[in-house]
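Step one of this worksheet: look at the structure below.
These numbers were taken from a predicted model, which means no experiment stands behind them. If you read the sequence from its start, that first residue is 1, and numbering goes on from there.
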Amino acid sequence: MELIAALVVAFLLVAGALFALVAAIGIVRLPDLYSRMHAASKAGTVGSGLLLLAVGIHSQDLSILARALAGFLFFVLTAPIAAHLLARAAHKAGHRLTPPSVRDDLMKEQMVRRTYKTKG
């Protein structure tokens, strides 16, 4: 049983570290602010969540595992929302997409709001 737990913990640690590495590479390599935020929020959340889960299992204590699961749930609920709000604020501040990007849904939304304000 101890060997199985050690293998599960090792797998979760390696997987979490790989997701964190992918997030770091995405932050460095992606072209604009919005895609960098996407990489940081998605891969970073999964990576840190897997690392927390590995620590909780490795502790072999139910209360620590419960706290690790609560931390993972907190990451999953807050990181994507925070990244979305930061990206929206950056868009309102004037950061535009790079030329390879083909859609800007927030720009369409702002144009629709302006149209309704001038008509009404």
Side-chain angles (χ1 to χ4, degrees):
M1 188 66 179
E2 225 173 272
L3 177 64
I4 293 172
L7 288 174
V8 168
V9 168
F11 174 76
L12 289 173
L13 285 173
V14 170
L18 286 175
F19 271 101
L21 177 66
V22 167
I25 291 171
I27 290 171
V28 172
R29 296 285 310 220
L30 290 173
D32 63 352
L33 173 79
Y34 305 105
S35 54
R36 288 178 189 149
M37 289 180 110
H38 180 76
S41 68
K42 302 299 184 237
T45 299
V46 173
S48 57
L50 290 175
L51 292 171
L52 264 175
L53 188 59
V55 168
I57 292 172
H58 180 70
S59 71
Q60 295 180 350
D61 184 12
L62 190 59
S63 66
I64 294 175
L65 179 62
R67 280 185 250 158
L69 288 174
F72 177 67
L73 183 66
F74 181 75
F75 272 138
V76 168
L77 292 176
T78 59
I81 294 168
H84 173 76
L85 292 174
L86 286 170
R88 194 171 169 102
H91 191 274
K92 285 185 178 183
H95 290 277
R96 296 290 170 227
L97 298 171
T98 57
S101 300
V102 294
R103 257 174 73 175
D104 189 358
D105 290 337
L106 286 177
M107 184 61 75
K108 291 178 188 175
E109 183 181 311
Q110 288 174 354
M111 287 183 173
V112 168
R113 285 185 185 163
R114 287 182 192 147
T115 304
Y116 284 129
K117 283 183 181 179
T118 58
K119 286 183 179 179

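Closest heavy-atom contact between Ser41 and Ala79: CB-O, 4.1 Å. The two residues Ser35 and Leu30 come nearest to each other via the heavy atoms O-CD1, 3.3 Å. Minimum interatomic distance between Ala43 and Ala23 (heavy atoms only, all atoms of both residues): CB-CB, 3.7 Å.
A distance of 7.5 Å separates CG of Leu33 from CZ of Arg36, quoted to the nearest 0.5 Å. Taking CE from Met37 and CD1 from Ile27, the interatomic distance works out to 10.0 Å, rounded to the nearest 0.5 Å. Rounding to the nearest 0.5 Å gives a distance of 11.0 Å between CG of Leu51 and CZ of Phe72. The CG atom of Leu77 lies 10.0 Å from the OG1 atom of Thr45; values are rounded to the nearest 0.5 Å. Taken to the nearest 0.5 Å, the CG atom of Leu52 stands 9.5 Å off from the CG atom of Leu50.
With no hydrogens or angles considered, no side-chain donor-acceptor pair links Ser59 and Asp61 at under 3.5 Å.
Follow the hydrophobic side-chain contacts under 4.5 Å out from Leu69 and you reach Val8 in the same cluster. Under the 4.5 Å side-chain heavy-atom criterion for grouping Ile, Leu, Val, Met, Phe, Trp and Tyr, Phe19 is not connected to Val22 through any hydrophobic cluster.
Using modelled atom types, one side-chain atom of Tyr34 and one backbone atom of His91 make a donor-acceptor pair closer than 3.5 Å.
The 12-atom threshold is exceeded at CG of Leu7, counting heavy atoms of other residues, nucleotides or ligands nearer than 6.0 Å. Enclosure of atom CD1 in Ile4 is not indicated, since only 12 or fewer non-hydrogen atoms of other residues, nucleotides or ligands lie within 6.0 angstrom.
In this structure, the side chains of Ile57 and Leu65 come closer than 4.5 Å at one or more pairs of heavy atoms.
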